[in-house]
Amino acid sequence: MMLLLLICLLAPTAFPQSMRKQPNQSVTPAAVRAEFLHAWNGYKKYAWGHDDLKPLSKGYHDWYAEPLLMTPVDALDTMILMGLKDEATDTKNYIIKNLSFDKDISVQNFEVTIRLLGGLLSSYQLTGDKRLLALAEDLGNRLLPVFESPTGLPYRYVNLKTGKVRDAKTNPAEAGTLLIEFGTLSKLTGRPIFYDKAKRALVEIYKRRSAIGLVGTWIDVETGEWKDTDSHISGAIDSYYEYLLKCWLLLDDQDCKQMWLDSIAAINKYLQDHEPDVKRRSDLQLWYGHADMNTGKRSATAYGALDAFFPAVLALSGDLERAGRLQQSSMKMWELHGIEPEEIDYKTMKVTYPGYPLRPEIVESTYYLHHYASLGAAPQRTGTAKLPPLANRAVYLRMGEQLFRDFVKHCRTDEGYAALKSVVTKEKTDSMQSFLFAETFKYFYLLFAPARTLDFNKVIFNTEAHPIRRTWK
Ligand code: DMJ
């Protein structure tokens, strides 16, 4: 019965031919939307008003003592893009009526910024409803105390009611993934304080790069000293690099441009790695590994689901050649067990962390590469020669179809989607994080939907896939 349902969902549907990108496209946007609704209805039935659905026990999970509506806020702009008008209106009205940040809870600045601040700003831009902007500004005001450290680097947690901060040890991703949201808040409210504080945090990380241009994993916000010098593009650093590039593009910030150009040169010099294909020894695969930030010495040949965002960033920067090659490596990681693990050792191609928490990054990169392959050109960022796309767009559509089928096959439950405890055994675990709605389903949908659904060139996605438009001069 279950199998029959899956076949029906994934088979070419009666979706109008004009809504398909290719005549033989086998996954339609309607199929993705149906899966989004399947998970959303599970959330509504068992976890409404809370942060996340627990898909196996059919209960709910709140991040803190009181809920902050993580799933509805993260999901709203995806509903709008999917054309789910009634659902989006109801969800927006529920958020406006019920979401309050006047709560005596200590929250993680990074997560609340990328999910809630980003989600509110994007949904404000898509709906024009000023009450969403008012919520965003209230949240922004309550987060500001994090920046009151001796260095300007943000503390990790802040109490939304009292402004009390805690956790002085942070990482580049948490300190440096704030400027899209805080910068946009400044542009939309006319209050420069948000931009200035978040920009300083980004610069303070960059200023502490090593002599060879790399940053480490953990840093003390009170002393500015590195506490862990492991350098990589993975979790805890990843979106710091993403925001250097994207803040240049969204905010036209020339300091960010320079910081990005310096950083990518060091990344490609010290973290880029090549390994022969285990099966076909002639092919050299492209990977990005770990190295010590001071010596540049390789410390681990680890790559994982989070690193799979990097082809999207490389493509956006204009480097389609590396983007395409790294995407092939990400696919190799996915194909090891038919769905990607959290981390592998790319030298041995063995799984080192077997979980899969419904992550979107590999889908995100497929969407970006498909976009540039469709255009037939790389973006011209620094006046370098035009690079040819590595493959034609059909390759990325096929890739996306494979990802979607595997994703549904292994993660779908009777009333939602569940993370995998192990991609090897395919055992599920009781978690369905809100980025499933903000990112994973959104990138799948945009990949399969007509290009007019969202003008790629007019938006910058924050790291939680909330599209932000530059509506200011
Ligand atoms: C999301 O919250 C964001 O994409 C973040 O940058 C990394 N982790 C998750 C998704 O994997």
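Every heavy atom of this structure was used, including side-chain atoms; hydrogens, water molecules and symmetry mates were not. When a residue number appears, it is its place in the shown sequence, counting from 1. Ligands are counted one by one from 1 in listed order, and the atoms in each one are counted from 1 as well.
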**OP:** Write out the protein residues near ligand 1, meaning a non-hydrogen atom under 4.0 Å from one of its atoms, in order of chain and number.
**Re:** Ile114, Arg115, Leu306, Arg359, Pro360, Glu361, Phe435, Glu439, Thr463, Glu464

Original post:
Just by distance, with hydrogens left out, do Asp307 and Tyr288 show a side-chain donor and acceptor under 3.5 Å apart?
Top reply: no

**OP:** Determine yes or no for a side-chain-to-main-chain donor-acceptor pair under 3.5 angstrom, with Arg470 supplying the side chain and Thr184 the backbone.
**Re:**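 Not at all, since once roles are kept as given, no pair shorter than 3.5 Å links the two residues.
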
**OP:** Answer yes or no: is there a donor N or O on one side and an acceptor on the other, between the side chain of Asp129 and the main chain of Tyr124, under 3.5 Å?
**Re:**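 No, because the side chain of Asp129 does not come within donor-acceptor range (under 3.5 Å) of the backbone of Tyr124.
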
Subject >> Ring center gap for Trp40 and Phe441 short of 6.0 angstrom >> reply: no

Original post:
Distance from Thr463 atom OG1 to Phe435 atom CZ, nearest 0.5 Å?
Top reply: 11.0 Å

Subject >> Residues Lys197 and Glu148 bridged, charged N to O under 4.0 Å >> reply: yes

